[in-house]
Amino acid sequence: MKRDVFAKRWQLRDFLLPLLALPYGFLGIYLYENGFDWIVAVLAVVLLIVIPAIIAVLWDKI
Amino acid sequence: MKWLIVLLLLSSFAVAECIEATDGMIIKESVMFCSSTYDVPNGISVVASNIVLDCGTAVLRGNIDESEIGLRLENVDNVTVKNCNIMTFSQGIFLKNVTHSVIEDNAVLKNRIGIRLLDSFENLIRDNNDKSFQLAVSAINSKYNVVMFGNKNVERNFCDFNACNEYRDMNPCEAGDFYCSKRCSAQTDADCSPLLSAVPEVKPLVKSAEQIVEQAEKEVKQELPEKLAVQKPVEKPNLPLFTKAIIFILLYVIAFIAIQIKRHY
């Protein structure tokens, strides 16, 4: 009984989706340790914001 | 025969006698350093004329960002400095009011300025190798010096009054530079005139040495790009592994909670 409730409440994707936040943590720590650099900032925005946004919008089409 | 061998051995020791360099050492007579590495953050001073300082390939090392001058020659004449390796000072070799001296076969490495001349005349700087952060040589209020490096050419404003990269015949008997060479007389150089040297009012018209140094420092900063100006080792603020782990766990938990809240509301 308990297992069924847990399975309904907690699914695998509930634990996988938060992993998407980790690259942003990597970026934050990298910028803190190496200082701000424009090329890194541009690459980070493209890799971590633009591309995921495009994937999210076009998720059903691709 | 054996006494002859002993005598030969002893004489060789006598010839090769060397001393250890010490921090803040003041040299008043000809010396030769033993070939070793010496940490001398406060540098070494030469204060006597007509002597030879042979470093014997010793390395004189300062504390980067802290040590000011490696080898200081001040108010001396006819001094020879050779076979020195001077590194990690703000100024490797500093000559102030030095004349007719020879600086040769030295290596000045990782200093801000390799060799600096101030109020120095008719010196010979040759066969030195330089790898400085800012300038190989800086000459302030100095004339008639010969400046030649083994590994590079010098092209700076002071080359108008000093011979750079090659020997050049220079006439030190120019009036108005407040320097009277041994080769000049009162007839050939007005600066040798006892009348002029006795006039105290003239001196305030000339900038003090400190002002000239400050001005030169400003010029250097303007001339050089910022990246070359100061090459201090940048300390990276590295986070400990434990802190990084905590950050990632917190980030994960926050994202987890955010997603759950979004799902339920």
Side-chain angles (χ1 to χ4, degrees), chain A, chain B residues 62-68 87-90 109-113 131-135 217-265:
Chain A
M1 181 64 184
K2 264 188 177 179
R3 188 175 290 175
D4 294 338
V5 172
F6 185 84
K8 275 186 181 176
R9 186 171 174 79
W10 307 107
Q11 294 174 352
L12 183 63
R13 69 172 187 178
D14 292 320
F15 297 97
L16 291 181
L17 277 174
L19 291 175
L20 292 174
L22 297 190
Y24 299 91
F26 276 114
L27 173 68
I29 290 172
Y30 178 85
L31 286 175
Y32 175 76
E33 288 185 342
N34 295 283
F36 183 81
D37 192 359
W38 278 108
I39 188 74
V40 174
V42 169
L43 281 173
V45 166
V46 171
L47 283 173
L48 299 180
I49 294 175
V50 176
I51 291 176
I54 291 169
I55 290 172
V57 170
L58 303 176
W59 182 253
D60 294 332
K61 293 179 184 174
I62 54 177
Chain B
N63 289 339
I64 199 158
D65 290 341
E66 290 176 19
S67 299
E68 193 59 32
M87 59 187 295
T88 57
F89 289 92
S90 178
L109 311 165
K110 294 185 178 181
N111 304 292
R112 196 171 63 88
I113 296 172
K131 200 76 180 169
S132 296
F133 290 135
Q134 274 191 12
L135 293 174
E217 295 275 0
K218 281 179 189 171
E219 283 175 10
V220 165
K221 280 179 184 171
Q222 285 171 356
E223 278 181 21
L224 291 169
E226 281 183 12
K227 282 184 181 175
L228 282 174
V230 179
Q231 294 189 348
K232 287 182 180 176
V234 180
E235 285 184 17
K236 284 185 179 179
N238 281 330
L239 288 172
L241 194 65
F242 180 73
T243 313
K244 285 180 188 175
I246 293 289
I247 288 170
F248 285 126
I249 290 167
L250 276 175
L251 206 60
Y252 180 86
V253 169
I254 289 167
F256 183 87
I257 292 168
I259 289 168
Q260 292 306 312
I261 289 171
K262 189 174 175 292
R263 273 185 66 193
H264 290 287
Y265 298 100

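All figures in this text were calculated on a predicted structure; none of them were measured in a lab. Residue numbering restarts at 1 for every chain, and letters A, B, ... go by the order of the sequence lines.
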Heavy-atom count check: over 12 atoms from other residues, nucleotides or ligands less than 6.0 Å from B:K244 NZ? yes

When rounded to the nearest 0.5 Å, the distance separating CG of A:L22 from CD1 of B:I249 is 10.0 Å

Taking all non-hydrogen atoms of both residues, which atom of B:R263 and which atom of A:D14 are closest, and how far apart? NH1-OD1, 2.5 Å

Under 6.0 Å from the OH atom of A:Y24, do we count more than 12 heavy atoms belonging to anything else shown? yes

If you measure from CD1 on B:I259 to CG on A:L20, what distance do you get to the nearest 0.5 Å? 7.0 Å

So which residue, B:I257, B:I254, B:L251, ends up with the most heavy-atom pairs under 4.5 Å with chain A? B:L251

Does atom CZ of B:F242 have more than 12 heavy-atom neighbours, drawn from other residues, nucleotides or ligands, at distances under 6.0 Å? no

Return the minimal non-hydrogen interatomic distance between A:G25 and B:F248, and the atom names on each side. C-CE2, 3.7 Å

Rounded to the nearest 0.5 Å, what's the gap from CD1 on B:I247 to CD1 on A:I29? Could you check? 4.0 Å

